[in-house]
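Report on the structure given below.
Keep in mind the model is a prediction, meaning the values are calculated, not measured.
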Amino acid sequence: MKTSYLRENIRRILHEESYLRYRPLKTIIKEVSNGNIPDSNLIAIDTPSGGKGTAKLNSKAAKDFNDMVKAAKSENVEILVSQGYRPLGSKEKGCSEGFTQWCAWIKYKSGKGNLAARPGTSNHGKGSAIDVKNCKKGTPLHNCLVKNASKFNFRPLDREAWHWDHSSSKDMGSTTVDLSTTDT
């Protein structure tokens, strides 16, 4: 009786240990609204000098943008970004939280700012849009982007020479992000 009891317990313990060691990890996926992507899910984009800038994008857009920066540099063109991801902010706080979607909207509506998407619908809020510094139509920088950006899944906004959207911005709804990997 004791031998069979010991064998069964040993079998159970080995099974549990094996399960704990080899079970698959569970990835937690969460829908986040436009302008509310956790900073840990954004990637700082490259500068032409090879460092990291302050602007951030979602992982797909950041990879393509970084490749585009390298390609442009090989043509002696430097792409510098003034802004990437733009947090939502709030109507009440306006511009006191920095250049949020609400700040851009308030400035636009008052006639003091550039064209802006309604807060919560901006491609900047999905981490898939960039504003390029000193990008004016007809400049070598703009011409380089017009010629090559589509190779890196970016497209221009016709009314703003400096604004470029990544193909990851096609869905204007919520953004899916991998928040963490944990054990099941």
Asp46: side chain to side chain donor-acceptor pair (under 3.5 Å) partners, not counting sequence neighbours: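 Result, side chain to side chain donor-acceptor pair (under 3.5 Å) vs Asp46: Lys52.
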
Looking only at non-hydrogen atoms, find the nearest pair between [X] and [Y] and report the distance.
X	Y	value
Ser168	Asn58	OG-ND2, 3.1 Å
Pro48	Leu80	CD-CD2, 3.4 Å
His166	Phe152	CD2-O, 3.8 Å

Ser96 side chain vs Lys93 backbone, donor-acceptor pair below 3.5 Å: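 Confirmed, Ser96 side chain pairs with Lys93 backbone.
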
Cys103 backbone acceptor or donor facing Thr100 side chain under 3.5 Å: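 Yes; at least one donor-acceptor contact below 3.5 Å.
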
Neighbour count >12 (heavy atoms, 6.0 Å) for atom CG, Asn134: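 No, CG of Asn134 has 12 or fewer neighbouring heavy atoms, counting only those of other groups under 6.0 Å.
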
Does a side-chain N-to-carboxylate-O contact under 4.0 Å join [X] and [Y]?
X	Y	value
Asp64	Lys60	no
Asp67	Lys151	no
Lys147	Glu75	yes

Residue pairs, two or more places apart or on separate chains, that pass ring-ring contact (aromatic ring centres under 6.0 Å, His included) and touch residues 33-57: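 Residue pairs passing ring-ring contact (aromatic ring centres under 6.0 Å, His included), neighbours aside: none found.
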
Distance (rounded to the nearest 0.5 Å) between Trp164 CH2 and Ile130 CD1: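 Rounded to the nearest 0.5 Å, the CH2-CD1 separation comes out at 8.5 Å.
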
Interatomic distance, Gln101 atom CD to Leu88 atom CG [nearest 0.5 angstrom]: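 Answer for the CD-CG pair, Gln101 versus Leu88, is 5.0 Å.
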
Side chain to side chain donor-acceptor pair (under 3.5 Å) evaluation trace for His124 with Asp131: CA-CA 9 Å; His124 284 286; Asp131 289 341; 3.3 Å; yes

In one Ile/Leu/Val/Met/Phe/Trp/Tyr side-chain cluster, 4.5 Å: Val146, Ile79: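 Val146 and Ile79: one cluster.
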
Same cluster (ILVMFWY, side-chain, under 4.5 Å), Ile45 and Phe154: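 Yes: a chain of side-chain contacts under 4.5 Å links Ile45 to Phe154.
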
Hydrophobic cluster (4.5 angstrom, side-chain heavy atoms) - remaining members for Trp162: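 ILVMFWY cluster around Trp162 holds nothing else.
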
Side chain proximity check, Val132 to Leu145, heavy atoms < 4.5 angstrom: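 A side-chain contact exists here, since the closest heavy-atom pair is under 4.5 Å.
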
